[in-house]
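To start, the structure under review is shown below, and the notes come after it.
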Amino acid sequence: FSFAGIIQSNQQSNIKGYPEFFPVAMRKSFIFSLGITEGALLIDTYYWFEGNTILAIGCGISAILVPLTTVYQNIIFFLFGQKRFKTVTIFQGFDTLISTIILIGTLLITKNILILLFVYLFLQFLGNFIAHVLYRPRDPKPIGDEVTKKYYTYAWHTTLRNILFNIAFR
């Protein structure tokens, strides 16, 4: 349900000096992440009608937060493409530390699996969103159709390669 190659394409375009591909990567990630939403809502509906409200609500939470997390994850690979490894390492270290503390605190307060799932997924989204707000390119120049096509094609090839690789080694 996802377009995993767009993340690698985003990184490669930055390595090659095309940071203006980032908004394209964000749009494409959003469009393809809607498949995750649709799939989760379908499963959600099934569980709801089967009377399993816990799984239904869990799928509903996932339907909303997983696509958002996926879209905003692009910023990490944008920064990798700009060779800002120290920035990513420091940010992700703090993000992991804060998320762990909040999750442990939540676990001490409640054992409700839905609350724990929501807090976990929300923290994943929030970390990526904050990184996006802090580090996204400001006023990127328009990108040419040729460059867009090149990296969009690269994204498709990478996605297909990943699918074949996963099938071959299962």
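Values below: every heavy atom of this structure, side chains too, minus hydrogens, waters and symmetry copies.
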Ignoring hydrogens, what is the shortest heavy-atom contact between L134 and R138? Give both atom names and the distance. O-NH2, 3.6 Å
Gap between atom CZ of R84 and atom CG of N14 - 0.5 Å precision: 10.0 Å
Taking the inter-plane angle between the rings of F165 and F169 on a 0 to 90° scale, is it parallel (under 30°), tilted (30 to 60°) or perpendicular (over 60°)? tilted
Which pair of non-hydrogen atoms, one from L123 and one from L103, has the smallest distance, and what is that distance? CD1-CG, 4.1 Å
How about Q11 and I15: do any of their side-chain heavy atoms sit closer than 4.5 Å? yes
Do the ring planes of F32 and W156 sit parallel (below 30°), tilted (30 to 60°) or perpendicular (above 60°)? perpendicular
Taking only residues two or more places apart in sequence, or in another chain, which ones meet F129 in a ring-ring contact (aromatic ring centres under 6.0 Å, His included)? Y72, F125
Geometric class of the F91/Y135 ring pair [parallel <30°, tilted 30-60°, perpendicular >60°]: perpendicular
Side chains of F118 and I115, heavy atoms from C-beta outward: is any pair under 4.5 Å? no
Run the side-chain hydrogen bond (donor to acceptor under 3.5 Å, both in side chains) test against W48 and tell me which residues pass, sequence neighbours left out. none
Residues D95 and G127: closest non-hydrogen pair is OD1-CA, 3.5 Å
Side-chain donor-acceptor pairs under 3.5 Å in residues 57-65, sequence neighbours left out?
from: S62; atom 1: OG; to: G58; atom 2: O; distance (Å): 3.1

I'd like to check F21 versus Q12 (side-chain heavy atoms, cut-off strictly below 4.5 Å). Are they in contact? no
Minimal heavy-atom distance between S29 and N74, with the atoms involved, is OG-ND2, 2.8 Å
Nearest heavy-atom approach of Q92 to I76 is NE2-CG2, 3.7 Å
Taking every non-hydrogen atom, the tightest pair across I6 and T159: N-OG1, 4.4 Å
Would F80 and F77 count as a close aromatic pair, with their ring centres under 6.0 Å? yes
Would you call Y154 and K150 a side-chain contact if the rule is heavy atoms closer than 4.5 Å? no
